[in-house]
Amino acid sequence: HIRYPLVDDPHTALTVATTRPETMLGDTAVAVHPDDPRYRHLIGRKVRLPLTSREIPIVGDSILVDLEFGTGAVKVTPAHDFNDFDAGERHKLPRLSILDYEALLDLKGMNAAAVEESVIRDVVQLPVTKARPKIELLLRDSGFLVKIEDHKMAIGKCYRCKTVVEPYLSPQWFVKIKPLAEPAIQAVEDGRIRIIPEGWTNNYLGWMRDIKDWCISRQIWWGHQIPAWYCRPCNTEIFIVKGASGRQHEHLYISPNAIPIVCRSKPEKCSKCGSTDLVRDPDVLDTWFSSALWPFSTLGWPEQTPELKTYYPTSTLVTGLDILFFWVARMIMMGLKFMGDVPFRDVYIHALVRDAEGQKMSKSKGNVIDPLHVMEQFGTDALRFTLASMASPGRDIKLAEERIEGYRNFANKIWNAARFAHMYLADKHDSQPPDDRSFPGLWIRSRLNDTIRIVTMELEAYRFDRATSALYQFFWHEYCDWYLELIKPVLQNPLHPQGPATRRTLQDTLEVFLRLLHPFMPFISEEIWQTLPHKGETIVTQPYPLTQTDWHDSSAEETFRLFEQSIGLFRTARVLLSYPPGKEVRVFVVHEEPAANETLGRLELDLAHLGRGRISPIPLSQWPTSNVLRLFTGGVTVGVAVEGDVDLKKALDRLVKQTEETDKESQRLDGKLNNADFVSKAPPEVITDHQDRLRALSRDRAMLTSSEQQLRAMLGA
RNA sequence: GGGCGGAUAGCUCAGUUGGCAGAGCGCCACCUUUACACGGUGGAUGUCGCAGGUUCGAUCCCUGUUCCGCCUACCA
């Protein structure tokens, strides 16, 4: 806290607080809040700035000054603080730079700021951290220091060397941004550019509407050098500054008043004085300025090349949210300005892969997961598939190893399925194989067709996560779990009449699946595809699968649902009876609806194969009443013969539990249907749906009861 | 400080005209059956962050709140 005494009343003083006392040498005003009863009468009067011979005004500023904070009086240093700079603009204050470009206390600057000779001698050429205690001491000795307090605050540092940033005035190049931003806002508002997911659109628009003029000059080595030259004779204030003692580099000082010559290449001479002594501005362009030109500068612009005509604008830009503003917005502005058209139609904002703690990966932070390492461990296809599967919109990815491992297993599954197919395809050359009209063939083509539909749709919607899940579900849980199992009896019998047709379907569906998978797992799909009969050199150039209406077969899909239910019950029964997997037993199956029952009859061989049993095709009424475990679900009843010394307790527990669940659900539905409000206000289709479910449940209940009674009888016997 | 997003099974995450809560991994039991144990079959598992509100009915819509994350600005 420092006292700034009033000029016309030295016994009265304003006390300002600062965390950077050394910058007081460059103060050009003290600000108070215009509504502050403590100080508002002082606005317009002057204080004497300690350690200098200057007098500075007291100004009223409601933006800079927070009534509640500090002492209520703020020192204003326009040359070394962003907020103070703005306040200086508002009050037309001079800007006194007392630091040089290396943030050392500057002799010239302090002289211009009328700093006392003795003070200058103490602090000249010192870095801020060393000057600060000296200033404190000087203030204390001269009685201006009120007190020192600890103060916690956030402070800007260099991202690389962590040095505290000292704001400093210097001439820089700026782009006047509003005329560029407005067309870029328009392009998104009227839909010429679509941002996906849509939620980020408001972020973009908000940022663009509030955009500030763009400082495009950088004092770094790499980059496009700014195309501006200065004539030395016309600009005498341009000179080389030697680095401070112990420092190697030199610094070209260009005064704010210097007049640049901007042209594409170095001019021969100054147009004013004819001198050839020209020096180029050493600054380079902001990386993002150069990058903003990328959509057309990479295609030969400003020449009207065929590439430029073909690829500008492009369809989709894929990028991370972190550079939506830095890069995307600026490409849009530059594209509209120089090409007169948007650079791309869709901007897909993908998720950011974060580390285990959810931190953004960054080279300078050093928390980067090396993809090469992950690829070595799990495979490139697995990593790629994982990233696609986790690309849900609006959510970042915390890379989880288990997921990658799971998809490594998926790749392995595909590999083994292909090996299986080759066992039966390798030396078979079926000429003109007949169309496959079998249940497994019709069903799997229908499912593949639906998978093509879903994957295509999700790709168009940029829902890579849903696309991968459809591929995974289809291949593992339909193609491998059911289709390959179903066709084994046909394949394993070399003389089977269905052989050629089945092999054709096997080969066709695998080939189509590989093309569908290819964008997600490029390597394994290519590798396997090459081993199948194929046209063309590589899968990369093959057409992406299209849905085929003649593959769609809702009847086969309905049949499959019955089949799956029945097999599920067979398997459950076997586990309940603790039968070993290989044991062949007598099984029964029946459906309460005649049509479905007939369908099951046609599936007898398939049921026997996957159920590992001998099917007894007899109606329910003729089933044995003892030594059969009966299970039931959704219209299907299956029976499995009870043989040998088995514990029926597990089976009974299951039936009891299923009965309880059925009752609970029935009560819930019944309760809703007896609620007058529900019946009068819910939509009719919901009510009929509830009624249907309740009816089905009560049928289930009857079957369960009879099955349970039989089982209890068997237990009692 | 401002803005945005998240919170759902042990873990990582899906889940929209509001109407039966899901996947993968993990877990439990059984299985070396001729593509695959990086596998097969069966199974268990949820106050959908918390509190209100709207509704016949809320994981879903509204309000408030807690915790976590991100972006952005930064207080003399």
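Residue numbering restarts at 1 for every chain, and letters A, B, ... go by the order of the sequence lines.
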**Prompt:** C1' atom, B/C75 versus B/U17: distance in rounded Å?
**Reply:** 48 Å

**Message:** Distance check needed: B/G39 C1' versus A/Asn412 CG, whole Å only.
**Reply:** 9 Å

**Prompt:** Nearest nucleotide by nearest heavy atom, which residue falls closer to the 5' end of RNA chain B, A/Thr71 or A/Ser389?
**Reply:** A/Ser389

**Prompt:** When rounded to the nearest Å, what value does the distance between P atoms of B/G6 and B/A44 take?
**Reply:** 32 Å

**Closest listed nucleotide, where the reference is the side chain of A/Lys657 and the choices are B/A44, B/A76, B/C74** = B/A44

**Item:** Test: A/Asp381 and A/Arg384 ion pair at under 4.0 Å
**Value:** no

**Message:** In whole Å, I'd like the distance from the CD1 atom of A/Ile487 to the C1' atom of B/A35.
**Reply:** 11 Å

**Request:** Would you kindly say whether A/Thr659 and A/Lys657 are connected by a side-chain donor-acceptor distance under 3.5 Å?
**Result:** no

**Request:** Sticking with atom P, work out how far B/C60 lies from B/U47, rounded to a whole angstrom.
**Result:** 16 Å

Distances under 3.5 Å only, N/O to N/O: pair up the protein atoms with those of nucleotides 1-3 of chain B.
none

**Side chain of A/Arg668 - closest among B/C56, B/A35, B/C20** = B/C20

**Message:** Parallel, tilted or perpendicular, judged at 30° and 60°: which one describes the rings of A/Tyr348 and A/His350?
**Reply:** tilted

**Prompt:** Would you say the ring centroid of A/Tyr472 lies under 6.0 angstrom from that of A/Phe385?
**Reply:** no

**Request:** Nearest whole angstrom, please: distance from the C1' of B/G42 to the CD1 of A/Ile567.
**Result:** 14 Å

**Asked** Is it the case that A/Lys583 places NZ or CZ above or below the six-membered ring of A/Tyr579, under 6.0 angstrom from the centre and within 45 degrees of the axis?
**Response** yes

**Prompt:** Is the closest side-chain donor-acceptor distance between A/Asp27 and A/Tyr4 under 3.5 Å?
**Reply:** yes

**Asked** What heavy-atom pair brings A/Pro167 and A/Asp81 nearest, and what distance separates the two atoms?
**Response** CB-N, 4.0 Å

Which pairs, protein N/O on one side and nucleotides 28-34 of chain B N/O on the other, fall under 3.5 Å?
none

**NZ/NE/NH1/NH2 to OD/OE distance under 4.0 Å, A/Glu405 and A/Arg408** = yes

**Asked** NA contact type, A/Gly379, heavy-atom cut-off 4.0 Å: base, sugar-phosphate, or nothing?
**Response** nothing

**Message:** Can you measure A/Ile404 atom CD1 to B/C11 atom C1' for me and round it to whole angstrom units?
**Reply:** 14 Å

**Item:** Selected nucleotide, minimal atom distance to A/Arg654 side chain, candidates B/U12, B/G43, B/C74
**Value:** B/G43

**Request:** Please measure how far the C1' atom in B/C48 lies from the corresponding atom in B/U8, and state the result in whole Å.
**Result:** 4 Å

For nucleotides 15-19 of chain B, list the nitrogen or oxygen atoms of the protein found under 3.5 Å from its nitrogen or oxygen atoms, one pair per line.
residue : atom : partner  : partner atom : Å
B/G15   : OP1  : A/Arg463 : NH2          : 3.0

**Complete:** Between CG of A/Asn675 and P of B/U55 the distance, given in whole Å, is 14 Å

**B/U45 versus B/C28 - spacing of their C1' atoms, nearest Å** = 11 Å

**Request:** Would you mind classifying the nucleic acid contact of A/Leu669 as base, sugar-phosphate or nothing, using non-hydrogen atoms under 4.0 angstrom?
**Result:** nothing

**Request:** Would you indicate whether A/Phe326, at its atom CZ, is surrounded by more than 12 heavy atoms from other residues, nucleotides or ligands within a distance under 6.0 Å?
**Result:** no

**Prompt:** If you measure from the C1' atom in B/G46 to the same atom in B/U33, how many Å do you get, rounded?
**Reply:** 36 Å

**Request:** Only stems of 3 or more consecutive Watson-Crick or G-U pairs count here, both distances under 3.5 Å; name the ones for RNA chain B, or none.
**Result:** B:1-7 with B:66-72, B:10-13 with B:22-25, B:27-31 with B:39-43, B:49-53 with B:61-65

**Asked** Which value, in whole Å, describes the distance between the P atoms of nucleotides B/G49 and B/A58?
**Response** 15 Å

**Prompt:** Mind checking whether A/Phe474 and A/Tyr479 have parallel, tilted or perpendicular rings, split at 30° and 60°?
**Reply:** tilted

**Message:** Does A/Gln473 have more than 12 heavy atoms from other residues, nucleotides or ligands lying within 6.0 Å of its CD?
**Reply:** yes

**Asked** Is any side-chain N of the basic residue among A/Arg20 and A/Glu22 closer than 4.0 Å to the acidic one's carboxylate O?
**Response** no

For nucleotides 21-26 of chain B, print each protein N/O atom paired with a nucleotide N/O atom at under 3.5 Å, atom names and distance only.
residue : atom : partner  : partner atom : Å
B/G24   : OP1  : A/His477 : NE2          : 3.3

**Request:** Kindly state each residue pair satisfying salt bridge (Lys or Arg N to Asp or Glu O under 4.0 Å) with at least one member in residues 666-681 of chain A, sequence neighbours excluded.
**Result:** A/Glu665-A/Arg668

**Item:** A/Phe563 and A/Trp482 aromatic ring geometry - parallel, tilted or perpendicular at 30°/60° bounds
**Value:** perpendicular

**Message:** Check this for me: A/Gln492, atom CD, are more than 12 non-hydrogen atoms of other residues, nucleotides or ligands nearer than 6.0 Å?
**Reply:** yes

**Prompt:** Out of B/G42, B/C36, B/G40, which has the shortest distance to the side chain of A/Arg571?
**Reply:** B/G42

**Request:** Identify whether the distance between the nearest side-chain nitrogen and carboxylate oxygen of A/Arg40 and A/Asp35 falls below 4.0 Å.
**Result:** no

**Asked** Between atom CZ in A/Phe475 and atom C1' in B/C36, what is the gap in whole Å?
**Response** 11 Å

**Item:** B/G26 to B/C20 separation - P atoms, rounded to the nearest Å
**Value:** 31 Å

**Asked** Can a salt bridge be assigned to the pair A/Lys649 and A/Asp647 using a cut-off of 4.0 Å between side-chain N and carboxylate O?
**Response** no

**Asked** B/G40 phosphate, OP1 or OP2: any side-chain N/O from A/Lys413 under 4.0 angstrom?
**Response** yes

**Request:** Scan A/Asn83 against the nucleic acid and name what it touches under 4.0 Å (heavy atoms): base, sugar-phosphate only, or nothing.
**Result:** sugar-phosphate

**Asked** Separation of A/Arg574 atom CZ from B/G43 atom C1', in whole Å?
**Response** 17 Å

**Request:** Describe the nucleic acid contact of A/Arg419 in one word from base, sugar-phosphate, nothing, applying a heavy-atom distance below 4.0 Å.
**Result:** sugar-phosphate

**A/Leu673 CG: over 12 foreign heavy atoms closer than 6.0 Å** = yes

**Request:** Indicate whether any N or O donor in one side chain lies under 3.5 Å from an N or O acceptor in the other, for A/His91 and A/Asp61.
**Result:** yes

**Prompt:** Taking the side chain of A/Asp481 as its heavy atoms from C-beta onward, which of B/A35, B/U41, B/A76 lies nearest to it?
**Reply:** B/U41

**Request:** Send over the distance from A/Leu510 CG to B/A35 P, rounded to a whole Å.
**Result:** 15 Å

